[in-house]
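As a basis for the values below, the full set of heavy atoms in this structure was taken, side chains included, without hydrogen atoms, waters or symmetry mates. Letters A, B, ... mirror the listed sequences (proteins, then strands); counts begin at 1. Treat the numbers as computed from the prediction; the structure is a model and nothing was measured.
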There are 2 protein chains.
Amino acid sequence: MTQHDDNLPSYRLDPQVGFLLRRANQRHLAIFARGIPELTSTQFAALAKLCELGQATQNALGRATAMDAATIKGVADRLRKRGLIATAPDPDDQRRLTLTPTAEGRALYASQVPAAHAITAETLEPLSEEDRTTFLRLLEKLT
Amino acid sequence: MTQHDDNLPSYRLDPQVGFLLRRANQRHLAIFARGIPELTSTQFAALAKLCELGQATQNALGRATAMDAATIKGVADRLRKRGLIATAPDPDDQRRLTLTPTAEGRALYASQVPAAHAITAETLEPLSEEDRTTFLRLLEKLT
DNA sequence: CAGAGTCTGTTTGTATACGAACAATAATCC
DNA sequence: GGATTATTGTTCGTATACAAACAGACTCTG
């Protein structure tokens, strides 16, 4: 069987979950960049969620898209600079910034939804129909 | 004011592979940072692979750890600054930089291997023994 | 009501990531 | 053997990520 020397640390990088997760993510991001060159994966996520919600506070949008306050600020700034979302102060809470997708933002989002589905399909393409379901079910448990 | 237009293709962010991959990766990185505060996940990967290989060219180490030339440069610079790896010019090829782990680097690596295994275990902890095998098998195909 | 604590958005600093362009060097080909 | 091509490492610019510290605005509690 396999010999194990207890004096030497036995560790291989390649099969570790973390390494595989990082590479799978890299592959997905490359597919995304080819599929929707107009936006980054993160920007599309924020825009999509904002269109889904209709409107949201900046930090709330960050929570909904798994970005911390500092990250969502940068993403929101770039989307606003491109005219895809608009910012308005909340009359009920002076701290809050309410974000809303602009008509242009909604249009871009709608136009890219088919591409987004294609990206998901291409990312999962190496798996059989059945394996995709299994994979997504298990992956969801690791979030 | 939110209304649903049935002409638009439906899309939800939450179940998309890309979003789940990103969040699973975030969770893993948080586990890693708690488990090995001395090094980032990327730095540990580079150090581990270099210890595995004994020595490597900078770009070759990048390829072995899935980092492009610009990324591995930054990682290698930080590891060198901390005295964990050493750099030497290749006599046979003036372009190449040969990287080698220092004694300190090997010692730190060896001391953290158990923690690294624990990180992998904790990341996969939500899955049953059988599901872990399945998940890793499928994840590997998406790399 | 006053003070403690919480939440909002912001800023700074560090660390991946990657595209693109670059100079120096090697390898290849005709 | 000289020109073309490829590779190596570097730099620049942009975009996530996140910790930490901050000020201002709200909330809760005593």
Inset, instruction - Keeping the roles fixed (side chain from A:H28, backbone from A:R23), state whether a donor-acceptor pair exists under 3.5 Å. - result: no
Inset, instruction - Output all residues satisfying salt bridge (charged side-chain N to carboxylate O under 4.0 Å, His left out) with A:D93, sequence neighbours left out; order by chain, then residue number. - result: A:R95, A:R96
Inset, instruction - Verify the contact: side-chain N or O of B:R22 to OP1 or OP2 of D:dA17, cut-off strictly under 4.0 Å; return yes or no. - result: yes
Detail all sub-3.5 Å separations between protein N/O atoms and N/O atoms belonging to nucleotides 19-22 of chain D.
none

Legend entry - A:R34/A:E122 ion pair, N-O < 4.0 Å: yes
Inset, instruction - Measure from the ring center of A:F19 to the ring center of B:F44 and say whether it is less than 6.0 Å. - result: no
Legend entry - Under 4.0 angstrom between B:Q94 side-chain N/O and D:dT8 OP1 or OP2: no
Legend entry - Between CD on residue A:Q16 and OG1 on residue B:T120, distance to nearest 0.5 Å: 4.0 Å
Throw together a table of side-chain donor-acceptor distances under 3.5 angstrom for residues 69-76 of chain B, partners on residues two or more places apart or in other chains.
unit_1	atom_1	unit_2	atom_2	d
B:T71	OG1	B:D68	OD1	2.7
B:K73	NZ	B:D77	OD2	2.8

Inset, instruction - Using the heavy-atom set of chain B and a strict 4.0 Å cut-off, write down the first and last nucleotide of DNA chain C that makes it in, 5' to 3'. - result: C:dA15 to C:dA26
Legend entry - DNA chain D-proximal residues of residues 32-60 of chain B, any heavy atom under 4.0 Å: B:T57, B:Q58, B:N59
Inset, instruction - Using the closest heavy atom to pick a nucleotide of DNA chain D for each, name whichever of B:R96 or B:Q26 lands nearer the 5' end. - result: B:R96
Legend entry - Listed partners of A:E130 passing salt bridge (charged side-chain N to carboxylate O under 4.0 Å, His left out), at least two apart: none
